[in-house]
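Encoded as structure tokens, the structure appears first; notes follow it.
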Number of protein chains: 2
Amino acid sequence: MKQTGDLNLVKKINKSIVLHHIRTDSPISRARIAEITGLTKATVSSLVNELIESSLVDEIGVGESSGGRKPMMLLFNGTAGYAIGVDLGVHDILAVLTDLTGKVVREKRVNHDNPSAQEVIDLLKATIRDLINGAPESVYGIIGIGIGVPGICDEDGTLLFAPNLEWENVPLQKYMEETFHIPVVIDNEANAGAVGEKQFGAGRETANLVYVSIGIGIGAGIIIKGELYRGATGFSGEIGHISIQHDGPKCRCGSLGCWELYASEHALLERARQEFGSSITLEMLLRKAEAGDAAIIALFERLGYFLGVGVVNIINSYNPEFVILGGRLAGAEKWLMKPLLQLLEKRSLPHPRKLLNVAFSELSDRSTVLGAASFAVTKFFASTTVSVEHN
Amino acid sequence: MKQTGDLNLVKKINKSIVLHHIRTDSPISRARIAEITGLTKATVSSLVNELIESSLVDEIGVGESSGGRKPMMLLFNGTAGYAIGVDLGVHDILAVLTDLTGKVVREKRVNHDNPSAQEVIDLLKATIRDLINGAPESVYGIIGIGIGVPGICDEDGTLLFAPNLEWENVPLQKYMEETFHIPVVIDNEANAGAVGEKQFGAGRETANLVYVSIGIGIGAGIIIKGELYRGATGFSGEIGHISIQHDGPKCRCGSLGCWELYASEHALLERARQEFGSSITLEMLLRKAEAGDAAIIALFERLGYFLGVGVVNIINSYNPEFVILGGRLAGAEKWLMKPLLQLLEKRSLPHPRKLLNVAFSELSDRSTVLGAASFAVTKFFASTTVSVEHN
DNA sequence: TAAGTTTGTTTAATGAATTTACAAACTATT
DNA sequence: AATAGTTTGTAAATTCATTAAACAAACTTA
């Protein structure tokens with residue numbers, strides 16, 4: 001059912017707008033917020049005072065006058081609460097405690113060699129418990145947990161299918177909420193990564209971006225008009241399984257010639273092992289390329305070409321302003337970027353390309369974990385200031 | 001700038017909700033609307049009376065009692081105004097006059113053999129003028145014009161690039177508004193087609209669908225949560241230029257192995273002409289296939305296969321509930337569908353496919369023209385009942 | 001015929017924003 | 001210094017759409 005309008009809705013909308021400006025443009029005065037938003041000074045004043053009341057905003061003293069009374073500057077109080085962000089990887093768990101601005105306060109990384117789901121979940125709980133116990137005192141305490149997972153989830157936070165973990169139908173959100181009794185958000189690691197890059201990384205200035213997560217497979221998180229696009233049922237972005245060769249080799253998904261068979265880290269290593277022995281790792285390849293090994297450099301350049309093929313497909317179908325490539329391959333940027341850009345220049349449609357930018361992640365392996373924490377913070381604010389999404 | 005909330009916004013939201021229910025669930029009583037929406041009877045009554053005042057709603061007499069006073073039934077007044085919808089094709093113009101419910105009142109189809117842009121625009125104007133002159137008297141008159149074009153447009157209604165018309169940078173919206181002095185909406189024919197199918201065709205029950213327009217090229221219109229998705233800058237959906245063979249033949253777009261080189265009507269005819277002579281047409285192919293010509297049927301089956309390859313890519317990247325195939329190839333459905341479905345069954349990911357449906361258009365060649373008219377109607381209601389989109 | 005139900009309107013109350021006014025604090029000018 | 005003008009933030013009165021409560025009219029059922 002559609003959400004109807006009433007006075008409550010009006011207040012929530014305006015309060016969230018005011019808070020948004022304090023979060024992004026602070027330090028800022030009441031008068032300036034009124035000017036920017038079009039709300040009257042009286043309205044802004046009233047809403048700001050409620051936000052101060054609820055500890056989300058602080059007055060930090062007077063600012064510079066522009067020819068009249070000095071303004072009282074407002075600051076978002078990032079330490080009114082803390083969030084947990086988790087990147088549940090195939091071989092390790094990266095977890096962070098952030099404040100409400102997304103600043104990392106503590107961080108834990110633990111390995112697991114992919115034992116049973118139960119053992120990984122227990123490890124996950126212990127890791128989170130540890131971060132919670134070490135969190136500073138605050139008004140709202142731990143406001144929520146966000147978890148990025150390497151697979152497909154539904155709206156209830158059940159991990160439906162994670163091929164590389166070999167998990168199926170794990171109700172992760174339920175488990176976590178039963179354990180910690182705070183709101184939990186579960187989403188795909190590429191979606192979380194896209195949000196991480198949008199909020200804290202290379203995509204801060206961009207409303208439309210695609211984050212391509214390159215690892216064992218290839219996934220993508222798509223941000224449209226500043227918001228994550230999830231597709232019809234919440235599991236879109238399986239872009240690694242776009243076929244770039246309709247009669248190519250068979251993929252485990254059933255299709256033929258999927259992009260991730262050519263352009264993933266896994267594909268690179270497979271090929272390198274065929275040519276140079278089975279014990280080779282990405283770190284070794286990077287070292288050899290750095291030392292000038294032409295055969296290895298050629299291998300990276302070939303990968304750059306195939307990355308480009310898929311990126312052209314992304315550009316032509318999603319038309320983003322920014323494509324951000326994430327994952328450990330960022331370390332090979334210097335060999336990948338040239339063939340990739342050459343291919344884009346040659347092959348993408350002129351109109352979509354005009355505004356386009358391609359870059360590797362700025363956050364290295366933190367995009368997902370920061371995005372996951374950001375999910376928790378967003379959910380917190382949605383419940384306190386605006387809650388339009390009820391359906 | 002974000003839209004702030006005030007009483008005006010509340011009223012617009014609620015009025016549009018009430019009108020929406022009268023448009024879709026009529027005949028319906030005030031009491032029933034209050035029940036469905038959660039608004040009070042008093043609020044609904046007040047809003048309905050304003051809608052009656054503005055001629056958009058009529059009382060059509062009392063309905064059946066369910067044990068008390070008989071309800072006064074309300075009906076949307078579809079003839080309070082009329083809209084023009086146009087499908088500007090490469091070889092012809094199809095234009096319709098519809099009422100506010102989308103019902104076609106008059107229709108005109110004229111051929112043009114792609115002369116200069118100016119001549120086509122003059123023909124377009126004459127065609128529209130003719131429909132306007134023949135429109136019935138109504139309260140609001142002609143409320144707007146929607147035009148679907150075979151190319152890429154910007155937000156100002158300029159046709160940036162239409163390869164098959166050989167047009168570039170034609171400010172069509174400006175021309176039309178200067179001529180007719182009513183609101184004009186310009187959009188890609190595939191986008192219009194998607195909206196047409198969503199409103200009036202196979203996609204009525206579906207919130208997430210992709211309409212694939214197969215003609216000289218292949219385009220797509222994407223509907224997410226009931227709304228058209230336009231990508232970052234308004235020219236997304238160039239899905240025909242997704243490469244399905246990274247080292248395939250060169251496309252006019254610059255890339256290699258684009259889907260439309262394999263699966264468009266144009267590609268089919270090219271191949272047929274190579275094999276069976278240069279004078280062959282789609283109609284001839286259909287007739288021969290109908291007569292049992294195995295070579296021709298094989299040609300269609302091959303096309304079905306390649307349609308499937310692209311549809312799998314669409315499913316994996318957009319994850320829609322429904323893929324609707326439009327264009328003249330609908331006539332070959334019986335030979336295309338089997339290889340297409342076989343391919344889907346084999347190649348698409350299990351989760352996205354679960355809810356998926358694939359079908360040919362129900363509206364034959366009217367999807368675009370009806371969608372275009374619907375654009376005009378939507379714009380009209382946006383300006384009279386809700387106008388949130390100002391930025 | 002009486003009792004209960006449903007519809008739709010009327011009236012009063014609520015509350016969030018706006019408008020207007022204003023005091024406080026500051027800068028610039030004479 | 002004194003004065004004028006500007007800017008900030010609050011206060012009081014007004015506006016207006018919704019809600020809640022009451023009610024009259026119209027209808028069904030026992």
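Order of the sequence lines fixes the chain letters, A, B, ..., with proteins taken first and strands second; residue numbering starts at 1 for each chain.
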Checklist outcome for this item: Protein-proximity profile, nucleotides 19-29 of chain D, B/S/- by nucleotide at the 4.0 Å heavy-atom cutoff, equals BB---BBBBS-

Next on the checklist: If I take atom CD1 in residue A:Ile52 and atom C1' in nucleotide D:dG9, what distance separates them, rounded to the nearest angstrom?
Outcome noted: 12 Å

Item to check | Between B:Thr40 and B:Thr43, a side-chain donor and acceptor under 3.5 Å | outcome: yes

Item to check | NZ/NE/NH1/NH2 to OD/OE distance under 4.0 Å, B:Glu362 and B:Arg204 | outcome: yes

Item to check | Nearest-nucleotide 5' precedence on DNA chain D, A:Met73 against B:Leu7 | outcome: A:Met73

Checklist entry - In whole angstroms, how far is the C1' atom of C:dG8 from the CZ atom of B:Arg32? => result 16 Å

Item to check | Test item: B:Phe322 and B:Glu205 side chains (from C-beta on) under 4.5 Å apart, heavy atoms | outcome: no

Item to check | Spacing of A:Asn8 atom CG relative to C:dA13 atom P, expressed in whole Å | outcome: 22 Å

Checklist entry - What does A:Ser29 touch in the nucleic acid at a heavy-atom separation under 4.0 angstrom: a base, only the sugar-phosphate, or nothing? => result sugar-phosphate

Item to check | Distance, rounded to the nearest Å, where B:Gln3 contributes CD and C:dA17 contributes C1' | outcome: 14 Å

Item to check | Rounded distance in Å - NZ (A:Lys11) to P (C:dA17) | outcome: 7 Å

Checklist entry - Could you give the CD-to-C1' distance, from B:Glu64 to C:dT5, as a whole number of Å? => result 16 Å

Item to check | Within-4.5 Å side-chain heavy-atom neighbours: A:Tyr211 and A:Pro320 | outcome: no

Checklist entry - For B:Lys12 and D:dC16, what is the distance between atoms NZ and C1' respectively, to the nearest whole Å? => result 15 Å

Side-chain donor-acceptor contacts of residues 69-80 of chain A below 3.5 Å, not counting sequence neighbours, with atom names and distances?
{"unit_1": "A:Asn77", "atom_1": "OD1", "unit_2": "A:Thr79", "atom_2": "N", "d": "3.3"}
{"unit_1": "A:Asn77", "atom_1": "OD1", "unit_2": "A:Thr79", "atom_2": "OG1", "d": "3.1"}
{"unit_1": "A:Asn77", "atom_1": "ND2", "unit_2": "A:Ser55", "atom_2": "O", "d": "2.9"}

Item to check | Rounded distance in Å - CE (B:Met72) to C1' (C:dT6) | outcome: 14 Å

Checklist entry - Are B:Asp156 and B:Thr158 linked by a side-chain donor-acceptor pair shorter than 3.5 Å? => result no

